[in-house]
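Encoded as structure tokens, the structure appears first; notes follow it.
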Amino acid sequence: MADCLFCRIVSKKIPADVVAESPEALAFRDINPQAPVHVLVIPKEHIAGVLDLDKGRSETLSEMMSMAQDVARKEGIDRTGFRLVFNCGADAGQAVDHLHLHCLGKRALAWPPG
Ligand code: 5GP
Ligand code: ZN
């Protein structure tokens with residue numbers, strides 16, 4: 001989608017600090033990090049959000065999870081702990097309508113989240 005921010009990152013029209021890449025998914029550092037490690041894992045294909053992930057898309061989700069595991073290991077937070085978050089809709093503060101998995105770590109994370 002031409003007017004989607006994350007599609008523009010996928011097509012390299014907007015630069016990003018890429019941490020991992022596969023044919024199906026991309027991981028890059030969040031521009032406004034909420035923790036010392038804050039990486040976004042996205043599908044390269046435009047999917048608006050969690051509610052658009054139907055059962056036929058289970059491979060996309062599996063690829064994203066596998067990439068999140070790789071990111072956690074690369075960033076050294078597999079040992080200390082980390083949080084994976086999908087924000088969905090207004091109350092969760094979803095700002096970008098392209099599915100993304102936040103991978104946060106390298107500090108103690110409060111629970112419940114704000
Ligand atoms: P949401 O609030 O939709 O769950 O998360 C969107 C995330 O995208 C936010 O954490 C925000 O900081 C990040 N973000 C917004 N614009 C950009 C950008 O241009 N580049 C990068 N790397 N991250 C962005
Ligand atoms: Zn998109």
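One-based numbering along the sequence shown.
- Here H38 contributes atom NE2 and F28 contributes atom CZ; the two are 9.5 Å apart, rounded to the nearest 0.5 Å.
- Here the shortest heavy-atom pairing between A25 and M67 reads O-CE, 3.5 Å.
- Within the 3.5 Å criterion, the main-chain N or O of A110 finds a donor-acceptor partner in the side chain of R83.
- Note on V18 and I42: same hydrophobic cluster, where clusters join Ile, Leu, Val, Met, Phe, Trp and Tyr whose side-chain heavy atoms are under 4.5 Å apart, directly or indirectly.
- A distance of 4.5 Å separates CD of E45 from CZ of R57, quoted to the nearest 0.5 Å.
- Within a 6.0 Å radius of NZ in K12, more than 12 heavy atoms belonging to other residues, nucleotides or ligands are found.
- Taking CG from L26 and CD from E21, the interatomic distance works out to 5.0 Å, rounded to the nearest 0.5 Å.
- The minimum heavy-atom distance linking A68 with C103 is given by the pair O-SG, 4.4 Å.
- Looking at every heavy atom in both residues, M64 comes nearest to V41 through CE-O, 3.3 Å.
- Between H98 and H100, the ring center distance fails the sub-6.0 Å criterion.
- Taking the side chain as every heavy atom from C-beta outward, F6 and L40 approach each other to under 4.5 Å.
- Put simply, the side chain of F86 reaches to within 4.5 Å of the side chain of L61, judged on heavy atoms.
- Proximity of L84 to F82: side-chain heavy atoms (C-beta onward) are separated by under 4.5 Å at one or more points.
- The shortest non-hydrogen separation linking A35 to G105 is CB-O, 3.6 Å.
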Apply side-chain contact (heavy atoms from CB on, under 4.5 Å) to residues D52 and L99 and explain how you reach the verdict.
CA-CA 9 Å; D52 303 281; L99 185 68; over 6 Å; no
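- Residues Q94 and D97 come closest through the heavy atom pair NE2-OD1, 3.6 Å.
- Under the 4.5 Å side-chain heavy-atom criterion for grouping Ile, Leu, Val, Met, Phe, Trp and Tyr, V39 is connected to M65 within one hydrophobic cluster.
- Separation of atoms CG (L5) and CD1 (I14) is listed at 4.5 Å; rounding is to 0.5 Å.
- One hydrophobic cluster, built from ILVMFWY side chains closer than 4.5 Å, cannot hold both V10 and V19; they sit in different ones.
- Between the side chain of S66 and the main chain of S62, no donor-acceptor pair closer than 3.5 Å is present.
- The pair E63-K44 fails the salt-bridge criterion, with no side-chain N (NZ, NE, NH1 or NH2) lying under 4.0 Å from an Asp/Glu carboxylate O.
- Remark: side-chain polar atoms of K106 are paired, donor with acceptor, to backbone N or O of E75 under 3.5 angstrom.
- Other residues, nucleotides and ligands place more than 12 heavy atoms under 6.0 Å from the CG atom of D17.
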